[in-house]
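Every number for a ligand or one of its atoms is a count from 1 in the order of the listing.
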Amino acid sequence: MLKTKVAVLVSGGGTNLQALLDAEKAGVIKSGEIVAVIASNESAYALERAKNAGVPAVAVPKKSCASQAEYEEKISAVLAQYGVELIVLAGFLSILSADFVAKWPKRIINIHPSLIPSFCGEGYYGLRVHEAALQKGVKVTGATVHFVNEVPDGGEIILQKSVPVYKNDTPELLQRRVMERAEWKLLPRATEIISAKILKEGNKYGL
Ligand code: GAR
């Protein structure tokens with residue numbers, strides 16, 4: 001069966017990547033195939049997860065590049081090598097330029113660990129998002145999968161799921177709850193939805 005070729009971009013532990021790999025194996029993702037994993041640093045544990053699943057994994061360390069343009073050229077070369085049609089940002093913590101994003105309209109999706117438009121945009125990533133949510137005293141948070149455009153965390157929302165905040169939460173406890181109850185479900189689901197859409201539309205731009 002023809003499948004949409006998906007690249008997953010990561011920076012760290014890769015639990016969302018693991019959820020994607022597991023979902024593909026379980027048939028939850030059936031319209032997409034993860035053909036490559038690209039990490040922004042060589043020590044990302046996500047690279048091990050990809051290798052364990054038999055998926056080609058490449059590190060493109062940002063610090064080894066002289067400029068953002070060179071960094072993105074290297075990423076683009078890997079994407080072209082594997083014929084990628086959909087990019088999934090799964091805990092990818094470096095911001096992509098407007099030039100890069102413009103080349104992939106509605107072909108890049110991202111998972112963010114809050115209910116956008118709360119606690120998002122530049123500087124809000126990883127634990128910091130949950131620290132900000134606790135500081136504000138919100139009683140409900142969650143996760144969002146959205147298309148990526150030139151505004152950080154500003155693209156069209158695809159899926160959201162809410163998660164309760166409890167009285168004695170720490171940023172770490174809240175992060176884990178948001179991952180377990182929202183992120184690890186939403187990202188595979190959104191990947192399937194968009195992969196299916198791309199297949200249906202014969203990989204034309206503009207969903
Ligand atoms: C996840 O919580 C993801 O939502 C977040 O980083 C974590 C990565 O964990 N992403 C952002 O904050 C993006 N702004 P993982 O490497 O275990 O998937």
**Student:** Please examine the side chains of Thr144 and Leu159, heavy atoms only from C-beta on, and report whether any two atoms are closer than 4.5 Å.
**Tutor:**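 Side-chain contact under 4.5 Å: no.
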
**Student:** Given Pro113, Ser114, Gly123, identify the one with the heavy atom nearest to atom 5 (C) of ligand 1.
**Tutor:**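 Selected option, by shortest heavy-atom distance: Pro113.
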
**Student:** Short list, please: which atoms of ligand 1 are under 4.0 Å from a heavy atom of Met179?
**Tutor:**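 Contacts of ligand 1 toward Met179, numbered from 1: 1 (C), 2 (O), 9 (O), 17 (O).
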
**Student:** Any N/O of Gln175 closer than 3.5 Å to an N/O of ligand 1?
**Tutor:**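 Min N/O separation from ligand 1 is not below 3.5 Å for Gln175.
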
**Student:** Looking only at distances, can you tell me whether any N or O atom of Glu183, backbone or side chain, sits closer than 3.5 Å to an N or O atom of ligand 1?
**Tutor:**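 Checking ligand 1 against Glu183, an N or O pair does fall under 3.5 Å apart.
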
**Student:** Is the shortest N/O to N/O distance between Asn16 and ligand 1 below 3.5 Å?
**Tutor:**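 Yes, there is a polar N/O contact under 3.5 Å.
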
**Student:** Is Ile111 close enough to touch ligand 1? Criterion: a residue heavy atom under 4.0 Å from a ligand atom.
**Tutor:**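 The answer is yes: ligand 1 sits under 4.0 Å from a heavy atom of Ile111.
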
**Student:** Considering only NZ, NE, NH1 and NH2 on the basic side and carboxylate oxygens on the acidic side, decide whether Lys74 and Glu70 come within less than 4.0 Å.
**Tutor:**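 Yes, Lys74 and Glu70 are salt-bridged.
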
**Student:** What I want to check is whether the side chains of Glu192 and Ser31 have a donor and an acceptor closer together than 3.5 Å.
**Tutor:**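 Side-chain D/A pair, Glu192 to Ser31: present.
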
**Student:** For a quick check under 3.5 Å, do Glu48 and Asn52 share a side-chain donor-acceptor pair by atom type?
**Tutor:**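 No pair is found: no donor N or O on one side chain lies under 3.5 Å from an acceptor on the other.
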
**Student:** For the residue pair Glu72 / Gln68, report whether a side-chain donor-acceptor contact shorter than 3.5 Å exists.
**Tutor:**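 Short answer, yes.
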
**Student:** When you compare ligand 1 with Leu93, is there at least one nitrogen or oxygen pair between them that comes in under 3.5 angstrom?
**Tutor:**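 No, since none of the N or O atoms of Leu93 sits under 3.5 Å from an N or O of ligand 1.
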
**Student:** Which atoms from ligand 1 have a heavy atom of Tyr124 less than 4.0 Å away?
**Tutor:**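 Listed by number with element: 14 (N).
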
**Student:** Before giving the answer on side chain to side chain contact (heavy atoms under 4.5 Å, CB included), spell out for Asn110 and Phe92 the whole-Å C-alpha distance, their side-chain angles and the decisive distance to 0.1 Å.
**Tutor:** CA-CA 8 Å; Asn110 177 49; Phe92 184 68; 5.8 Å; no

**Student:** Have Asp99 and Ser97 got a donor and an acceptor in their side chains that come within less than 3.5 Å?
**Tutor:**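 Distance-only check fails for Asp99 and Ser97.
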
**Student:** Could you find the nearest protein heavy atom to atom 16 (O) of ligand 1 and give me its residue, atom name and distance?
**Tutor:**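 Looking only at protein heavy atoms, the one closest to atom 16 (O) of ligand 1 is Gly14 N, 2.8 Å.
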
**Student:** Counting non-hydrogen protein atoms only, what is the nearest one to atom 6 (O) of ligand 1? Give residue, atom name and distance.
**Tutor:**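 Checking every protein heavy atom, the shortest distance to atom 6 (O) of ligand 1 gives Gly91 CA, 3.9 Å.
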
**Student:** Strictly by modelled atom types, are Tyr71 and Ser94 linked by a side-chain donor-acceptor pair under 3.5 Å?
**Tutor:**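 Judged by distance alone, the side chains do pair up.
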
**Student:** So if I count the atoms of ligand 1 from 1 in the order they appear, which ones are less than 4.0 Å from some heavy atom of Gly126?
**Tutor:**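 Numbered from 1, ligand 1 contributes 11 (C), 12 (O).
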
**Student:** How far is atom 14 (N) of ligand 1 from its nearest protein heavy atom, and which residue and atom name does that atom have?
**Tutor:**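 Nearest protein contact, heavy atoms only, for atom 14 (N) of ligand 1 is His112 ND1, 3.3 Å.
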
**Student:** Considering only the protein, which heavy-atom contact is closest to atom 17 (O) of ligand 1, and what is its distance?
**Tutor:**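 Result for atom 17 (O) of ligand 1: Thr15 OG1, 2.6 Å.
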
**Student:** Indicate, with yes or no, if Val55 and Val88 share a hydrophobic cluster defined by side-chain heavy-atom contacts under 4.5 Å among Ile, Leu, Val, Met, Phe, Trp and Tyr.
**Tutor:**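 Yes.
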
